[in-house]
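In what follows, every chain begins at residue 1, and chains take the letters A, B, ... in the order their sequences are listed.
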Protein chains: 2
Amino acid sequence: MVVEMELSDSEVDRIFRALADSTRRDIVRRTLAEEASVSDLAAAYDMSFAAVQKHVAVLEGAGLVTKRPHGRERYVRGNPHTIRRAQQLLDAYEQIWRARIGRLDDLLAEDPRPS
Amino acid sequence: MVVEMELSDSEVDRIFRALADSTRRDIVRRTLAEEASVSDLAAAYDMSFAAVQKHVAVLEGAGLVTKRPHGRERYVRGNPHTIRRAQQLLDAYEQIWRARIGRLDDLLAEDPRPS
DNA sequence: GTAACGTACAACCAAATGGTTGTAGAAATG
DNA sequence: CATTTCTACAACCATTTGGTTGTACGTTAC
């Protein structure tokens with residue numbers, strides 16, 4: 001059994017913050033589908049190399065991608081594990097809501113003629 | 001069949017941005033479990049009423065909560081629909097990754113003695 | 001060896017964020 | 001009616017963000 005470490009608030013902050021930008025989401029998409037060097041990525045967007053480099057750094061800080069050095073290049077790879085952690089977080093909210101619905105159902109199911 | 005509207009990039013930005021703050025995540029949790037007035041919420045955090053009001057506004061702008069006026073109060077309610085939309089977005093990333101694994105599996109399954 | 005390429009990083013800037021206080025109005029209370 | 005409560009919103013402030021350009025350095029190619 002795999003023991004999943006608790007994520008701290010600030011780690012969760014970083015994950016969602018990192019996903020709150022369409023360029024970064026696109027980088028995640030690309031690098032989940034296929035490894036890409038930072039230059040490969042930079043070529044795909046209408047902004048400076050340094051800007052793309054910063055986006056990658058934000059994603060790396062959030063654990064959404066990893067970088068693998070190869071010669072003078074850095075290969076960026078999307079990290080499905082962190083995506084799954086984010087899904088689990090959202091799922092917890094769903095469960096909270098379902099629990100509320102369950103409570104309401106219970107109320108409605110009670111004897112309609114209480115003392 | 002329910003037709004799900006496409007979310008624009010900026011709408012997705014707003015959803016993840018809104019979730020990238022632990023106070024706001026807590027407000028979502030509370031209001032998914034049970035409606036609460038803005039004052040109820042403000043009483044729960046160590047910050048000004050106006051600050052909490054702003055957090056609620058950010059969540060409302062992202063569609064993560066709705067406000068229902070009742071007399072002088074505004075009842076805040078978590079919106080499970082938007083949570084689910086966010087889950088779907090993350091799920092799409094999972095799928096992209098799985099597709100890559102699938103492609104790799106296909107490669108490995110090929111005739112190990114190609115021409 | 002020299003030039004070109006890929007990356008890192010600092011400095012800078014405008015805009016957005018997350019907090020504050022203060023003012024004002026609408027609804028409930030006494 | 002007067003007062004309190006709940007909310008809205010403006011103005012302000014420090015920090016962070018998302019972009020830029022410029023410099024430096026290791027690696028590859030000629």
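- Partners of B/L89 according to the side-chain contact (heavy atoms from CB on, under 4.5 Å) rule, which considers only residues two or more places apart in sequence or in another chain, are B/L7, B/V12, B/F16.
- A salt bridge links B/E35 with B/R68: the closest approach of a Lys/Arg side-chain nitrogen to an acidic carboxylate oxygen falls below 4.0 angstrom.
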Taking only N/O atoms, report every protein-nucleotides 22-25 of chain D pair under 3.5 Å with atom names and distance.
none

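- Scanning for salt bridge (charged side-chain N to carboxylate O under 4.0 Å, His left out) contacts around B/R29 gives B/D26, with sequence neighbours left out.
- With sequence neighbours left out, A/D91 forms a side-chain hydrogen bond (donor to acceptor under 3.5 Å, both in side chains) with B/Q87.
- For the side-chain hydrogen bond (donor to acceptor under 3.5 Å, both in side chains) test, no residue two or more places apart in sequence or in another chain qualifies with B/D21.
- Atom pair B/F49:CZ and C/dG22:C1' shows a separation of 14 Å (rounding to whole Å applied).
- Residues passing the side-chain hydrogen bond (donor to acceptor under 3.5 Å, both in side chains) test with A/R98, sequence neighbours excluded: A/E94.
- Listed by chain and number, the residues in a side-chain contact (heavy atoms from CB on, under 4.5 Å) with A/A92 amount to none (sequence neighbours excluded).
- For A/R25 (side chain) and B/D9 (main-chain N/O), a donor-acceptor pair under 3.5 Å exists by modelled atom type.
- Under the rule for a side-chain hydrogen bond (donor to acceptor under 3.5 Å, both in side chains), the partners of B/S37 that lie at least two apart in sequence or sit in another chain are B/D40.
- Every residue meeting the side-chain contact (heavy atoms from CB on, under 4.5 Å) condition with B/T66, not counting sequence neighbours, appears here in chain and number order: B/R77.
- Contacts between residues 57-78 of chain A and DNA chain D, defined by a heavy-atom separation under 4.0 Å, are made by A/G71, A/R72.
- Summarising the geometry, the separation between CE on A/M47 and P on D/dT21 is reported as 13 Å, rounded to the nearest angstrom.
- Which of C/dG18, D/dG19, D/dT7 sits closest to the side chain of A/A51 comes down to D/dG19.
- Residues from residues 7-32 of chain B that place a heavy atom under 4.0 Å from any atom of DNA chain C, listed by number: B/R17, B/R24.
- Between A/S48 and D/dT20 there is a side-chain N or O to OP1 or OP2 distance below 4.0 Å.
- The side-chain contact (heavy atoms from CB on, under 4.5 Å) check on A/V58 picks up A/A18, A/R24, with sequence neighbours excluded.
- Rounded to whole angstrom, the span from the NZ atom of A/K54 across to the P atom of C/dA11 amounts to 12 Å.
- Protein atom CD of A/Q53 is 14 Å distant from nucleotide atom P of D/dG19, rounded to whole Å.
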